[in-house]
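Below: one structure, written as structure tokens.
Keep in mind it's a predicted model, so treat the numbers as computed, not measured. Each ligand, and each atom within it, is numbered from 1 in the order the structure gives.
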Amino acid sequence: MDYLPIFLDVKGKRCLVIGGGDVAFRKTTLLIQAGALVTIVSPDLSADFASLAGVTHIAERYRASCLDGHTLVIAATDEQETNELVSTDAKQRNIPVNVVDNPALCSFIVPSILDRSPVVVAFSSGGASPVLIRMLRGKLETMIPQAYSKLALFSARFRALVKANITHPPKRRIFWENVFEGPIAEKIFSDDEAGAETMLHAMIESEKQGNPNAVGEVFLVGAGPGDPDLLTFKALRLMQKADVVLYDNLVSKPILEMTRRDAERIFVGKMRGNHTLPQEGINDLLVRLALEGKRVLRLKGGDPFIFGRGGEEIEKLAAHKINFQVVPGITAASGVSTYAGIPLTHRDYAQSCVFVTGHLKDDSMDLDWEMLARPKQTIVVYMGLQGLEMLCAKLIQHGLPADTPAAIVQQGTTPQQRVVSGNLASLPKNPEVKTLHAPTLIIIGGVVSLREKLAWFKPSP
Ligand code: SAH
């Protein structure tokens, strides 16, 4: 290890910055955030400094006497000679010194940080690879949401109480792990501090009574239309937390592989007319697993609340007073149309957009055809392939021109994406349609004609 990582308390301490440009401004901002009293020595200051309160400015060139009374100094001038001088003077006086971008002149370096105060993560490669550090920081940034700040402050509030009530240190460690990994943390993340507090008190009580058999929770997560890159940060975080995963056939394999490696995976998929587990069974299974104390991930394609029956699943959970959260996902209409180069609205072609399900019930489709056949509107049909012929015929019958552009996208956003396009009259007759299989999305309206120009997604062969 080339450097000893430490966190320095500079609250109320006098720190010196030499230089008045952009870099000096950034360093000054950092020092102020850590509570330092900053003096700046520089003949000129960039305009940005006007926004910083409580900074003392000495509008002079640097002299050794400037160092007097300072705990720490940062040289950020563009004059090599001045920077060298500051370094030598400070080292002579045993004042920690940093010269920006010049490790040889430094007695300490300033790491790259991820700030979730009071949690702060510092990164450094000792100058070896700043780009690598930036990438690592980016990765951790996605894994540690802003709300960790609140979580840390929350635990600080209750540290003493927990210590007084759970005296056995290993038990206390497990207790806190359960807090940070479980529903209490999720309450904090969803801004329900009062709810978190109630749960914490209940958890302390049950721990005192030697009954730590906590109820689990359910995450109803939208996994998007297929491309794993379309997952949200929140989805990914909960996917890596869950003990059991219930998924269906719309969840792509690469996405499933992003769930925790040791999690149990249960397929509850539904194929047309071949329900592996009826909806009631899924609802019951969610409840049962959560009551066993498990963190259950219900992973659904697209968005759980768009033709996903997510509402029914959480109704049952609510009835059993089981904690749950719902994470929205990119719905097929949005993801699939984008990857196919079809904007859902466009000033010249569509001012509105409707999502409907084309699911056939007793060989008919119960839709508001008058409303659908309005001009300048995009219609996105989920689960519509079987009823394609009827759909197109009805729309023409209710007034949409037969040459209204229409497209079917199969397995949108995945490497297997296929698009068959035409219009309301030609599409049902196109023999290619017979070769398509689920999932497919039908998009109807003038916007479909923009596809040739806008399609950028080239599925791999
Ligand atoms: N909750 C999901 C929709 C579930 S209904 C969502 O928000 O996207 C299932 C239907 O979604 C499929 O029949 C199909 O019409 C559509 N669908 C989902 N993913 C798709 C994909 N990758 N490509 C094309 N259609 C898709």
Check each heavy atom of Val409 against ligand 1 and say whether those closer than 4.0 Å belong to the side chain, the backbone, both or neither.
-> backbone
Taking atom 2 (C) of ligand 1 as the reference point, the nearest protein heavy atom with its distance = Gly301 O, 3.2 Å
d(Gln377 CD, Cys353 SG) to nearest 0.5 Å is 8.0 Å
Identify the protein heavy atom lying closest to atom 4 (C) of ligand 1, giving its residue, its atom name and the separation to 0.1 Å.
-> Phe307 O, 3.3 Å
Ligand 1 contact on Gln411 by region, counting heavy-atom pairs under 4.0 Å | backbone
Point-to-point distance, once rounded to the nearest 0.5 Å, from OG1 of Thr413 to CG of Leu441 | 11.0 Å
Give the residue and atom name of whichever protein heavy atom lies nearest to atom 23 (N) of ligand 1, and the separation in Å to one decimal.
-> Gly412 N, 2.9 Å
At what distance is the nearest protein heavy atom to atom 22 (N) of ligand 1, and which residue and atom is it?
-> Pro225 O, 2.8 Å
Heavy-atom donor-acceptor pair, Ser117 side chain to Val119 backbone, under 3.5 Å | no
Per-atom contacts of ligand 1 with Ala332, taking only distances under 4.0 Å to non-hydrogen atoms | 6 (C), 7 (O), 8 (O), 16 (C), 17 (N), 18 (C), 19 (N), 20 (C), 26 (C)
Under 3.5 Å, N or O to N or O, is Ile306 touching ligand 1 that way?
-> yes
Answer yes when Lys294 and Asp243 have at least one side-chain N-carboxylate O distance shorter than 4.0 Å, and no when they do not.
-> no
Closest protein heavy atom (residue, atom, distance) for atom 9 (C) of ligand 1 | Leu250 CD1, 3.5 Å
Under the criterion side chain to side chain contact (heavy atoms under 4.5 Å, CB included), which of Ile255, Leu220, Leu250 is the partner of Leu299?
-> Ile255
Quick one: does Arg116's side chain have a donor or acceptor within less than 3.5 Å of a partner on Ile144's backbone?
-> yes
Going by distance only, is there an N or O of Met383 that falls short of 3.5 Å from an N or O of ligand 1?
-> yes
Ignoring angles and geometry beyond distance, decide whether Thr440 reaches within less than 3.5 Å of ligand 1 through its nitrogen or oxygen atoms.
-> yes
So, does Lys187 use its side chain to make a donor-acceptor pair with the main chain of Glu193 at under 3.5 Å?
-> no
Give a yes or no on whether a salt bridge exists between Glu177 and Arg173, defined as a side-chain N under 4.0 angstrom from a carboxylate O.
-> yes
Does any N/O atom on Gly384 come nearer than 3.5 Å to any N/O atom on ligand 1?
-> no
Is Lys429 salt-bridged to Glu389, going by a charged N under 4.0 Å from an acidic O?
-> no
Is there a nitrogen or oxygen of Val336 sitting under 3.5 Å from a nitrogen or oxygen of ligand 1?
-> no
Mind checking whether Val381 has an N or O less than 3.5 Å away from an N or O of ligand 1?
-> no
Considering only NZ, NE, NH1 and NH2 on the basic side and carboxylate oxygens on the acidic side, decide whether Arg298 and Glu313 come within less than 4.0 Å.
-> yes
Would you say ligand 1 has an N or O under 3.5 Å from any N or O of Tyr382?
-> no
Is Thr331 close to ligand 1, meaning an N/O of one under 3.5 Å from an N/O of the other?
-> yes
